[in-house]
Structure formats: structure tokens, C-alpha cells
Amino acid sequence: MKFAKSYEPGDYESDIYAAWEASGIFSPSVPTYPVDADADGIDDRLEKSCSTYSIVMPPPNANGNLHIGHGLTVALEDSLTRYYRLRGKSTWYIPGADHAGFETWVVYEKELEKHGHTRFEYSRDELYAKVWDFVAQQRGNMELQLRALGASCAWSDLTFTLDENVIDRVYTTFEKMWNDGLIYRGEKLVNFCPKHRTAFADIEVEHKDEKGTLWDIEYKITENPEGALPRSIFDDGSNTERPSPVTTGARERSEKDVSLDSLIVSTTRPETLFGDTAVAVNPDDKRYKDLIGKHVKLPLTDRTIPIIADEHADPEYGTGAVKITPAHDYDDFEVGERHNLPRIQVIAEDGTMINVPEKYNGLTTTECRKQVLKDLKEQGLLKSEKKIEHSVAHCYKCGTVLEPMLKEQWFIDVQKLAKVAIEHLENGEIKFYPENKQKVLIDYLKNLKDWNISRQIPWGIAIPMFKKITPEATDEPDWIFDRRTNLTEIEKAGVKYVRDEDTFDTWFSSSHWPIVCTDWTEDNYNPYYPLNVMETGADILFAWVARMIMMGLYVTGEVPFQEVYLHGLVLDAHGKKMSKSKGNVINPMDLVAKYGSDAFRLGILRGRSAGMNQAFNENSVISGRNLCNKLWNISRLVQSIVDDADGTKSAAIEGHKDKISDFAAEGAERSDIINRLSLREAPETRAFCATTNNMGEDWICREINDCLEQLEQDMQNYRFAEAVEVLYQTIWDKYADWFLESQKLYQNVDLLKQTLETLLIALHPFAPFVTEAIWQNLSWTDGFIATEKWPEKLKFDPITAEQFETIRTIVVEIRSTLQALPGTNNDKKYNLLYDNDGLVNQHELLIKQLTKVPAINSLNGSPRGLRLALANHELYLDVPEQVVKAYKDSLTDKILSVGRELDALNLRMTNPNYIEKAPEHLVKETKDQIEEKQALISRLKTQLEII
RNA sequence: GGGCGGUUAGCUCAGCUGGCUAGAGCGCGUCUUUGACGUAGACGAGGUCAGAGGUUCAACUCCUCUAUCGCCCACCA
């Protein structure tokens, strides 16, 4: 016996994967080739491209472990890949590994700290080499885990984000952008993490609402032409707390033509006042009209700064006067640009104060804030404070408050790229699942600001730019592009340049992912680019998908993929986000070990739809495991039938054949022969009956065809959960519960084989291991199921199929009626009586098989027993009168409930508008239903009367 | 402040362009050792589809509003 008795996924999964991998079936068969490969001047790309299917894996961290989101990713991507492979495409599922620039750097920096070192002890090149070794040591886990999940990817084509070809491509793009003027070096404010000492792109910043304080500080006006007594706008003699600026009182006061000798500014960051280079008021604000152009003395310093007019100042907010700190605030930076204000950096990269009076120098921002507030208070300049809630930028990794920091960085003038992307998106060149993400993405691109691509961490791709350090070479540009980033210093035409020490934002290189994975080049025709689909998390729509589209268009002129499928977050069983701190993280590998890889895949796809964050329940994995077990046992049963038919018992069959012809010679009816042979006794009787052909054969063919059709639709529309659902139901509820149960009576061996094969292939994309294991165990199959042909539709007779459907209805009613009758099962041995019913007569054995009624006889004489109502066949269960009476109540209930349904239908028909406006077929349907229900009620009533 | 999504059975979710008695898995109840499967089989209970209004012959489905949960974006000093 080849088939193990029980389904044990752990026993075969890794062997199966190894066999697949060794056979090379995961590699694509269609090559890339130079455009016009045969040099006949004719572009022959079309015929090739229609037979390919390509998809790239969002690269998991090279030295990490897979989490549940990766599990979902693989389940989705590999199902697609396997499906299209079975459909005959040359599939290329390209795996990747991410150097995960910042993530890995953070881990490594901690490692350094643990050993008592800091990054500042080493040069960038040394650090790069160290992290490289660190990653190499840790690497490999996730690749094993991808195999355990069954990812049918082309391992020989694995792309690491720091591979030569990636760096080459990224440099080529950068050079092109530099030459096209899309890249500039600018001193701008960037989001800077003082702990990690690096800048971030806007997209990487995490905004959190926090409680903070808004302080009001008095800035004295230094020029006082009228020589009036010092007065503050809100200081009307009482010299207590200032009234709220939004009260009418304040307004009225402000309308008065008073001369002021100080301005009150509101700030949440008093320590930055040392960097103030102006105070701004709104040009339309009448209160301050006369002050514009005057100066105020900056508290705690000797400096004076101008009062300027700028729209940025909102008259409704605070006092309407705002301090301007161009070096440490985004808005202020822009105000500064408009008014040509100096930028004074007062916070250093390590988060301490610089360029401030000696007293504050070297303090951290927090210490400095305390000190400033204390000093202001002493001088009577701190007027009030108020608790507010505002949004604060944090480092997404360590949670440190990000400091807007003035830095020289490389920026991409992104609007030019975005504009092209928007055009193609609006053209509908990329189809999104879920659909609404297209619009969301376009909106994002429209408002995108220039992209800072410089990072101050060593673990990444070096920026290939060098700065001139030969000052006398005045005609030479300050910065030049050069690929020799392995050198810290280069010389060109006698001019010396020094390397920029920064590395690229990983999203800059990642945005080339479809290009580099498929080995796209300018002069090669590549039938795998654009990708058929980009599947990734909805959370990186902006960070990644948007950038891949822009970069794909910029580099290749084409969108990088035709469709985008975005999956949502996998939440815990209660719909909460998984996190280490909450302790609710589910490790996919634990589930694989416990229930098998297939069970995990089926489970995670269940109940999931595009773009939605959805809870994950272990029960769905259990249900997947149960399906695998079911399929395993279905296959064992079919195999045992095939074994029987294959002649191991042929001698016995021969023996029986004599008997059979004897019976036949006696003129016995077929049913009689079957009875006399006593069914179930030995396999040879089944051989005799194998000629009969309505034991659900046509019906199951019809159901499987419907299943395939729906499955194909679902795959095309990325409805994975529905695809799994329809397979589940067809295999379990239809194939096992009805077809196989019926085939226990007579077997159509060829059809059993064919239908089982069909279902195995159809399920293979979702449950690759169990289907392959079964395939390898079946006696009549060969090769891998993974490379089988997608099944053809099955032929069937619709009338016979429908007959079986009717029998099902009858069987279900017999079962439920018996169940509802009082007594134990042993008491319920009632015969079925029929009156003049060809269908029941013909399928007597089948009905007996499925209902376990002891006998089915023709009703001779007047009706007796319990009439079955639903099936609309004249059928009676031969139940004694006293038992029937006990069933009376349930019969009455039934009449009432059918009556309610009838009322609803009648109501519909009494509405003239319905008859007039609803489609004809619906009206007819309603009419038919009314007739049916009426007939049913009258049957039930007759039944009741009999009792 | 702007935008997006959810609210359907005890739990997790389907229900695609409006039209059969609103479905599934898990859980629950009763029964069943029947040529594979108790990780099973049979039968069943369980829903005023968040609320209100509107459009329509017809609304879980479309529109408006409300409540509530969640996500994303944004420069409120």
C-alpha cells in the first residue's frame, strides 16, 4: 500500500519541495533576447509575451524571519504563479532579499553598542564591510521559510538589493537624472532622527498626536518713535494674564489705534527662539499694520529681529504673531525663503544646542527648554501657557522625536516624474485591486514634494557623487557624478574630489525592483517586463508602488506592471494589530509545523479581500487542514477502487460473471439480480454494475465544470477567498458527500480518476504539497502535478445531471423527515413507498444507499404513512399511524411557514407596478413559485387530514 | 482639517453590475462505528444585514444623514 493511512504533512512537504526545486520547473522557459533577434528587421515580441507570466516578490529582509504578512504574500503570489503555470504560461516568480538599509542598520548598531562600540569609531567602508559580514552570517532563514511555504520561485534568479546589477542600474538612473536636471543638492529642512543620526523622507515619518504646551512669550519692540510708555497689546494696566485673543474684547482692543511696545508670540518650542530671525504678522492684520518693518529684541539674547508681513501668520491663531525659525521649522523655512531671512541652526545633529549663548550651549533640547522657560519667567517675559494637542513627528523605528534639521542633501525634483506617472495612471494603464487605490495614488502623486534620497547610514548603496576639493579649479562644477564609490577620493583632470559619505534611501533603489529583477535592459527584448502583477502590502502603496511606477516610466518608458494587488494587514483574532509588545504575534512557521503548509495557505486566504485589514483566526487554518485530510482520504478511496478494478480481483469477478449470467438466464430483473448478489459483499458485484451510469456521474461533471468556471473568474479578479471557497465546497460537499457516496454503489472507474485529477489540479495552486503528494501516490499518474495541464471541461448529459439533483432533494427530505420523527435510529426502519414514479423506481438502489431505508416499494392501494412534501413526487414513508401523529406538529409548522412565503409572493403579484416594470422572467418565476407553494400547501394539508 | 474603509449568525468573514427562502468556516445541539476520512457523516438551532430617511415595482446591495470602530494624508505656530 503506497498511501499512508493518515494525512501527515510534516512527512512529505520538504521532500516534495526539494524534488520540485531539483527538477528546475520553477524557472521560466521563454528566454529574453535582443530586440529583432533574427535581425530580419521585424519586431517579433508579441507572440512571445503572450505566453509569459511574471511576478516579483517584495523582498523580505535578508537576515530576518518571515512574519505572518509574508505568509499571506507568499500564499497570494504563489497561488497566482502556480495557477498560471498550470494554465500553460512560462511563469517567472522572482525571489528577492532586502538589505533593509535602515532596519538592519538599527539592529547592527545595537549589536555594536552591546560590545561597547559606537559607529563613530569606524569609517563608512569599515562599517559597510562589518554589516555585510553580519548579514551574511544571519542570512538564509527566510529563504528556507519561503520554501516551507511552498513558494515556487526561481531561486537561481534571486535578487539581493545590493547585487552588482542593482547598484549598476541605480547608478545609471541616477546619472541620467543628474544629467536631466532632476537631481539637485539643496540645503533644506529634513526629518532628522538625533538618535540614529540620519535623515528620513517625509513618507517615513510617523506623526502622533500628543499633548503639548503652547507658551506665550513677549518680544519687546526696540524702536519706539513716539516714546510712549511701554505697553503690550494685551497689557491694559492690570498686568495679569492676557485675555484670550479670540474674544471680542481682544478684537475691539486690537482695532484701536494704539501703539504697542511688544509683541506676544506663541510657540510650542521655546528653546528654538535662539534661531529666530523674524517675527511674522499677517499683512491684513490691522492690529499690527504699523509694526511691520520695525524690530523686536529677541529675549535672552542681544539680537534684534525684524517684524515682517507674511500670509503664514494666521490672525485667528494665538496672538496672530508668530516667531520665525527658518532652520528648525518647515513653515518658517518657507517664510524665510520668501523674505530672504538668515537661517541659524541652533540644534546640532546630536540633539544638543549650538550657536546659542554660552549658558545654553551643549544642553539637550529638553534641558534647554526648561532653562529658557525659567529665565523668561524671571524676566517676566513668559506671559502664559496652555495645554494643547498637536501632532509630533517621530522616528518610525525608535520613536524619538524627529528634529527638522537644516542639511545639504540630494533631492529629486519629483513632480516631473509624478506628472508622467499620473498621466499613465489616469489612462488606466494599471489596474488596481482594490480599485479605489488608483485614485488615492493619483492624489498622493499630485501633492508629492521633492524627495530627499540622502541617508546618513553606512549600510546602503553609496551615492555616486564627489565634491570638488581643489578650490582653485573655479571652472569645474562643485559636484561630479562618478561610479567609483569604492574610492573615498578621486582625481579628474587634475582636480580632486571627495566622495559624498551618504547612502541612498532604500526606496530609491527599491523603486527599480521590477526592472532589476527581470534583468530589463535598454537593448534586450524582455517578455517578462512589464510584470503581469505587483502584489504587495497596501501600507506601502505610496512608499514603494508609487515610486516603482515613476521609476519604471522614467527608465523604461513603460509602466512596470499591468495590475496591482494590495493586501491588507493581518490582524490578530480580535482585529488588533500584531505587535511584539502586545504579545499577540503569530509566527507562520509555528502554524506550518502544526497543521502543514497547505493548511496555512488555505487558512490565511480564507475570508480575505484586497486592501482590507482583516483578523486572522487559527480556526481557518484548522479548516484548511481538514480539507487536506479530506482530500487525502478521498484519494485513498478512489485509489482503492482503482486497485480493485485493476484486476487484483479479476479472478473473483470471473467467478461471479457466471452467476450473473445464470440469474439473467432465469429472467430475473436487474434489481433482483443485485439484491440476490447482496451488494456491498464483494468488489466483483461492483464490476458488474459498472455499466450503470447515473450514480451522479453527469451531475458531478456539471458541478466540477461550474467550479472551474467560477475559479477561473475568481483568479482573474483576484478573489482568492472565493476561489478557495468554491473548491472547498465542490470537493467536500459535492464530490465526497454525494458523488463518492453514490459511487460506493457502482463505480465508473475512469470518471473517478478523471474527476479526482481535475480537482487535484484545480486545488494545487492553493494547496501545492498535499495535491503533489497525492499525485505521487496515485498509481496511474506520473510527472509533477505542478506542471500538469489545466483540466478541460468535462462532458455530461444535463438531463441526467438534473435527475440526480432531484434525487438529492428527495434524499435530503427523507433524511430530515426521519430525523424529525421520534425514536432512535434503530426504530426508524421505515420503507419508502412510491406511486407510479419512474425516477424513484429507476434509482431505487441509489436512494437506498443514500438514505438507508430498508426497502423501496411500489404503493399498492391507497396512500398510507407519511407523505413527503417538498420533492413534489408522490412518495410516502411507511410509518405507523401513531408515529405519524407525533409528527403532526412539525407538519403544522411547515404549513404555516410555507404559507408565509406564499403571502410574500402574492403580495408581490398584487402590485401592478411589479408586473409592469420587473423583467418578464422574474414575474414568471414568481407565478411559478406561487403555484408551487400552493400545491405544496395543499399536499401538506391533505397529509394533515389523513392523520 | 481632508480622505478612505468597516459595521451581516456566538466568533472571523463572503454576498461581484439592486431581483430565488441572506451564505461559509469555526463554535453550538441531536443522532450515527455505513468499503476513505471522528481532522468524519446525517440532521438542526441561530440573523428586525449599526440606526434614520430617500430613490425604486423591488435595497444587505444605490444616495443622504447619524452613530461607532479603524486606517491614511496634512505646515496649525
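Throughout, a chain's letter reflects where its sequence line sits, starting with A, and its residues are numbered from 1.
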So what does A:Asn911 touch, heavy atoms closer than 4.0 Å: a base, only the sugar-phosphate, or nothing? sugar-phosphate
Within the structure shown, what part of the strands sits under 4.0 Å from A:Glu722 by heavy-atom distance: base, sugar-phosphate, or nothing? sugar-phosphate
Name the nucleic acid region contacted by A:Val322, choosing base, sugar-phosphate or nothing; use a 4.0 angstrom heavy-atom cut-off, strictly under. base
If you check every side-chain atom of A:Met612, which of B:rA14, B:rA77, B:rC37 has the closest atom? B:rA14
Using a 4.5 Å cut-off on heavy atoms from C-beta on, say whether the side chain of A:Thr267 contacts that of A:Asp216. no
Mind checking if A:Pro434 touches a base, just sugar-phosphate, or nothing, with heavy atoms under 4.0 Å? nothing
From CG of A:Asn447 over to P of B:rG2, roughly how many Å is that when rounded to an integer? 15 Å
Tell me whether the OP1 or OP2 atom of B:rC69 has a side-chain N or O from A:Lys576 closer than 4.0 Å. no
Selection from B:rA77, B:rC16, B:rA36 that lies nearest to any side-chain heavy atom of A:Ala736: B:rA36
Secondary structure of RNA chain B in dot-bracket form (Watson-Crick or G-U wobble, distances below 3.5 Å, | marking inter-strand pairs): (((((((..((((.....[...)))).(((((.......))))).....(((((..]....))))))))))))....
Pair A:Glu403 + A:Arg269: basic N to acidic O under 4.0 Å: yes
Take atom CD in A:Glu389; do more than 12 heavy atoms of anything else shown fall under 6.0 Å from it? yes
For atom CD1 of A:Ile930 and atom C1' of B:rC20, their distance in whole Å: 13 Å
Can you tell me if A:His312 touches the phosphate of B:rC75, counting only side-chain N or O atoms and a distance under 4.0 Å to OP1 or OP2? no
Side-chain atoms of A:Asn617 come closest, of B:rC11, B:rG15, B:rC20, to B:rC11
Can you tell me how far P of B:rA74 sits from CG of A:Asp202, to the nearest Å? 7 Å
Taking NZ, NE, NH1 and NH2 as the nitrogens, is one of them in A:Asp202 or A:Lys449 under 4.0 Å from a carboxylate oxygen of the other? no
Considering only heavy side-chain atoms of A:Leu905, the closest of B:rA24, B:rC57, B:rU21 is B:rU21
Ring-plane angle category for A:Tyr735 and A:Phe739, please: parallel below 30°, perpendicular beyond 60°, tilted otherwise. tilted
Other residues, nucleotides and ligands only: do more than 12 of their heavy atoms fall within 6.0 Å of NZ on A:Lys582? yes
Classify the nucleic acid contact of A:Phe542 as base, sugar-phosphate or nothing, counting any heavy atom under 4.0 Å across all strands shown. sugar-phosphate
Does anything in residues 600-611 of chain A reach RNA chain B, meaning a heavy atom under 4.0 Å, and if so which residues? A:Arg606, A:Gly607, A:Ser609
Distance check needed: B:rC37 C1' versus A:Glu741 CD, whole Å only. 10 Å
Assuming nearest nucleotide by heavy-atom distance, tell me which of A:Asp443 and A:Asp733 is located more 5' along RNA chain B. A:Asp443
Among the candidates B:rU56, B:rA36, B:rC26, find the nucleotide nearest to the side-chain atoms of A:Ile634. B:rA36
In terms of ring plane angle, is the pair A:Tyr396 and A:Phe200 parallel, tilted or perpendicular, where the classes change at 30° and 60°? perpendicular
Applying a 4.0 Å non-hydrogen cut-off, can you work out what A:Lys449 is touching in the nucleic acid: base, sugar-phosphate, or nothing? sugar-phosphate
If you look at every strand shown and take non-hydrogen atoms under 4.0 Å, does A:Leu214 touch a base, only sugar-phosphate, or nothing? sugar-phosphate
For A:Thr277, side chain to side chain contact (heavy atoms under 4.5 Å, CB included) partners two or more places apart: A:Arg303, A:Pro326, A:Leu341, A:Pro342, A:Ile344
Hey, is the main chain of A:Asp737 close enough, under 3.5 Å, to the side chain of A:Glu741 for a donor-acceptor pair? no
Determine the contact category for A:Asn619: base if any of its heavy atoms lies under 4.0 Å from a base atom, sugar-phosphate if only primed atoms, P, OP1 or OP2 are that close, otherwise nothing. sugar-phosphate
The side chain of A:Arg719 is closest to which nucleotide in this list: B:rG15, B:rC37, B:rC75? B:rG15
For A:Asp285 and B:rA77, give me the distance from atom CG to atom C1', rounded to whole Å. 15 Å
Does B:rA40 have its OP1 or OP2 closer than 4.0 Å to a side-chain nitrogen or oxygen of A:Asn626? yes
So A:Gln729, base contact, sugar-phosphate only, or nothing? Heavy-atom distance under 4.0 Å. sugar-phosphate
Strictly below 4.0 Å: does A:Arg815 bring a side-chain N or O up to OP1 or OP2 of B:rG44? no
Choosing from B:rA74, B:rC75, B:rA14, which nucleotide comes nearest the side chain of A:Ser391? B:rA74
Quick one: label A:Ser816 by what it contacts on the DNA or RNA (base, sugar-phosphate, nothing), any heavy atom closer than 4.0 Å. sugar-phosphate
Rounding to an integer number of Å, can you tell me how far A:Glu725 CD sits from B:rC26 P? 10 Å
Looking only at B:rC57, B:rA74, B:rC37, the nucleotide nearest the A:Lys630 side chain is B:rC37
Figure out the CG/P separation between A:Leu907 and B:rC20, and round it to whole Å. 16 Å
Nearest-neighbour nucleotide for the A:Leu740 side chain, B:rC57, B:rA36, B:rC4 considered: B:rA36
Between A:Ser779 and A:Gln639, do the side chains contain an N or O donor and an N or O acceptor separated by less than 3.5 Å? yes
Indicate, with a heavy-atom threshold strictly under 4.0 Å, whether A:Ala820 touches base, sugar-phosphate, or nothing. nothing
Charged tip of A:Arg719 within 45° of A:Tyr433 ring normal and under 6.0 Å: no
How is A:Asp737 classified with respect to the nucleic acid when contacts are heavy atoms under 4.0 Å: base, sugar-phosphate, or nothing? sugar-phosphate
Taking all non-hydrogen atoms of both residues, which atom of A:Lys577 and which atom of A:Leu571 are closest, and how far apart? CA-CD2, 3.8 Å
Would you tell me if any nitrogen or oxygen in the side chain of A:Gln614 comes within less than 4.0 Å of OP1 or OP2 on B:rA14? yes
Using a cut-off of 4.0 Å on non-hydrogen atoms, how would the nucleic acid contact of A:Ala721 be classed: base, sugar-phosphate, or nothing? nothing
In whole angstrom, give the distance that lies between atom NZ of A:Lys208 and atom P of B:rC72. 12 Å
Which nucleotide sits closest to the side chain of A:Tyr728: B:rG19, B:rC37, B:rG25? B:rG25
